[in-house]
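What follows is a set of notes on a single structure, which appears directly below.
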Amino acid sequence: MLLVDTVAVLNRVRKVTFLIAAPVLAIMLTGCDAGAESSKSSVDASLLRAERVDERLALPQALIRNAASARRDDKNADIAKTEPLLISSSEKAFDAGEMRKKILVSIEATPGQYADVAAFDTATAALADGYRAVDKMYADKDEDFGKKIETRLASPEAKSTIEEVASLMASPDLAAETAVTQQAISAVLTMETGSPALDPSSEEHKQLKATLPSLLPEFRNRPDQGGAYSKESAKAFETAGLTFALATLTDKDLSALKSFYAGSYGKSKRQELLGAYQQVWDAAATTMLTTYIEELAKQHPAAVKAQ
């Protein structure tokens, strides 16, 4: 069976859980050591490109729409009312440009420098091209391109390197963060406006708002139960897509990625990226959920009556 046939299901899920939408934003960084800072800036920008951070930061509204679509048949939830409120709240809370700047500030602080910035930059650009080529393969049902990827992955040496690089990168863990967010979104979409927790004057409402900052960490720390928005499934699908994109790279570019991610500097950058991404994403998500709950509370019968 051809690759383009065997990954059909993967393609559908990827289209649901990941969108290629955001343009690369300009980076304005300054420092006293212009040469060193320029080198770091280039590495950081390349790292964000490799891990598709800009695309991920553009996801909130798509995640809401996908979760709402899955809840359409839920008779206990008025999705027609909650979906637009949550989308509006997300638009106010998620500023991709500001979030990107905060992530860059965090990963910039990683001690040390990287020796071969140019090779890493070239490799991440090739990886971005690889993702686009794989997406085009899906769209065009290009069997010839699929065969090329199959052939590449059939090489034991190439497959081993590709699998190692994929295991070192942050993308699968970032995809798990998307799954965590979708779990939370799916849960709050089904809230009923008549719930006691949405009565602005109730103690339950105060308690609900107080728990919102811990909502994503709670979902993140729960054991994976499979099913919709499974963290492990998200990681597996992301790893598969990453593997296909890596399979389009030359040995030289694969080697450059491996050298970066396998080294102590690259590992530190990866961990800093994950931590910074979680921090800025959780902050935006908490703002979104707080705004959403406040808007829902305005529609509670007690609030309406008091107007």
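Everything numeric in this text was worked out from a predicted model, so none of it was measured. The figures here come from the full heavy-atom set of this structure, side chains too, leaving out hydrogens, waters and symmetry mates.
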Practice task
Can you measure from CD (E232) to CZ (F237) and round to the nearest 0.5 angstrom?
Solution key: 12.5 Å
Problem - Nearest heavy atoms of N66 and Y229, plus distance in Å - result: O-OH, 3.9 Å
Problem - Aromatic ring pairing Y261/F120, orientation class (parallel under 30°, perpendicular over 60°, tilted between) - result: perpendicular
Handout entry: Validation row: D140, F145 side chains within 4.5 angstrom (heavy atoms)
Key = no
Handout entry: Atom pair CG (L63) and CD (Q182), whose distance is rounded to the nearest 0.5 Å
Key = 4.5 Å
Handout entry: Listed partners of D129 passing side chain to side chain donor-acceptor pair (under 3.5 Å), at least two apart
Key = R132
Practice task
Only pairs at least two apart or in different chains count here, so list each side-chain hydrogen bond (donor to acceptor under 3.5 Å, both in side chains) that has a residue in residues 155-165.
Solution key: E164-K258
Exercise for the section: Answer yes or no: is there an ion pair linking D142 with K136, defined by an N-O contact shorter than 4.0 Å? Expected result: no
Exercise for the section: Flag the pair L216 / Q183 as yes when at least one side-chain heavy-atom distance between them is below 4.5 Å, and no otherwise. Expected result: no
Problem - Residues E98, K101: salt bridge by 4.0 Å N-O rule - result: yes
Exercise for the section: Could you tell me whether the side chain of D253 reaches within less than 4.5 Å of the side chain of L127, counting heavy atoms only? Expected result: no
Problem - Steps toward side-chain contact (heavy atoms from CB on, under 4.5 Å) verdict (S259, Y114) - result: CA-CA 10 Å; S259 294; Y114 190 61; 3.7 Å; yes
Fill in the blank from the handout: For D95, the salt bridge (Lys or Arg N to Asp or Glu O under 4.0 Å) test, sequence neighbours excluded, returns none
Practice task
Using the test salt bridge (Lys or Arg N to Asp or Glu O under 4.0 Å), find all partners of R65 that sit at least two apart in sequence or belong to another chain.
Solution key: none
Problem - side chain to side chain donor-acceptor pair (under 3.5 Å) partners of S171, counting only residues at least two apart - result: E51, R56
Problem - Rounded distance (nearest 0.5 Å) linking atom OG1 of T290 with atom CD of E295 - result: 12.0 Å
Handout entry: Between NZ on residue K269 and OG on residue S106, distance to nearest 0.5 Å
Key = 10.5 Å
Completion exercise
With sequence neighbours left out, the residues meeting salt bridge (Lys or Arg N to Asp or Glu O under 4.0 Å) with E83 are R72
Exercise for the section: Answer whether the closest heavy-atom distance between the side chains of V188 and T82 falls below 4.5 Å. Expected result: no
Exercise for the section: Decide side-chain contact (heavy atoms from CB on, under 4.5 Å) for T287 and F94; before the verdict, give the C-alpha distance in whole Å, the side-chain angles of both, and the deciding distance to 0.1 Å. Expected result: CA-CA 8 Å; T287 299; F94 283 87; over 6 Å; no
Problem - K147/E143 ion pair, N-O < 4.0 Å - result: no
Problem - Contacts of type side chain to side chain donor-acceptor pair (under 3.5 Å), residue D173, not counting sequence neighbours - result: K235, R270
Exercise for the section: Verify side-chain contact (heavy atoms from CB on, under 4.5 Å) between V134 and T248, making sure each step is shown before the conclusion. Expected result: CA-CA 8 Å; V134 171; T248 69; 4.3 Å; yes
Exercise for the section: Ignoring hydrogens and angles, state whether a donor on the side chain of T190 or R71 is under 3.5 Å from an acceptor on the partner side chain. Expected result: no
Handout entry: Derivation of the side-chain hydrogen bond (donor to acceptor under 3.5 Å, both in side chains) call for S90 and Q61
Key = CA-CA 7 Å; S90 73; Q61 288 80 50; 2.7 Å; yes
Handout entry: Flag side-chain contact, heavy atom, 4.5 Å: L174 against R52
Key = no
Problem - Separation of E55 CD from L48 CG (nearest 0.5 Å) - result: 9.5 Å
Problem - Beyond-backbone contact of D116 with F260, side-chain heavy atoms, under 4.5 angstrom - result: no
Practice task
Identify the two heavy atoms, one from L249 and one from A245, that lie closest to each other, and give their separation to 0.1 Å.
Solution key: CD1-O, 3.4 Å
Practice task
First locate atom OG1 of T181, then atom CG of L289, and finally report the distance between them rounded to the nearest 0.5 Å.
Solution key: 9.0 Å
Practice task
For residues F219 and V180, report the shortest heavy-atom separation together with the two atoms involved.
Solution key: CB-CG1, 3.9 Å
Handout entry: Residue list, side chain to side chain donor-acceptor pair (under 3.5 Å) with K267, at least two apart or on another chain
Key = none
Practice task
With sequence neighbours excluded, give me every side-chain hydrogen bond (donor to acceptor under 3.5 Å, both in side chains) pair touching residues 117-126.
Solution key: S46-D121, R49-D121, R49-T124
Problem - P196 to S202 - nearest heavy-atom pair and separation - result: O-OG, 2.9 Å
Practice task
Kindly indicate whether the side chain of L47, heavy atoms from C-beta on, has any atom under 4.5 Å from the side chain of V53.
Solution key: no
Problem - Pairwise salt bridge (Lys or Arg N to Asp or Glu O under 4.0 Å) hits with a residue in residues 177-190, at least two apart - result: E177-R220
Handout entry: L189 to I64 - nearest heavy-atom pair and separation
Key = CD1-O, 4.1 Å
Exercise for the section: Take atom CD of E91 as the centre, draw a 6.0 Å sphere, and report whether it contains more than 12 heavy atoms from other residues, nucleotides or ligands. Expected result: yes
Handout entry: Side-chain touch L257/L246, heavy atoms, less than 4.5 angstrom
Key = yes
Fill in the blank from the handout: Tightest non-hydrogen contact, residues A170 and L273, listed as CB-CD2, 4.4 Å
Fill in the blank from the handout: Residues at least two apart in sequence or cross-chain that pass salt bridge (Lys or Arg N to Asp or Glu O under 4.0 Å) with K148, listed by chain then number, are none
Practice task
For W281 and L57, run side-chain contact (heavy atoms from CB on, under 4.5 Å): C-alpha distance rounded to whole Å, both residues' side-chain angles, the deciding distance at 0.1 Å, then the answer.
Solution key: CA-CA 8 Å; W281 188 274; L57 294 178; 4.0 Å; yes
Problem - Flag, side chain of S89 to backbone of L85, donor-acceptor distance under 3.5 Å - result: yes
Output side-chain donor-acceptor pairs under 3.5 Å for residues 204-212, partner residues at least two apart or in another chain, one line each.
unit_1	atom_1	unit_2	atom_2	d
H205	ND1	A197	O	2.8
K209	NZ	E294	OE2	3.1
T211	OG1	L208	O	2.7

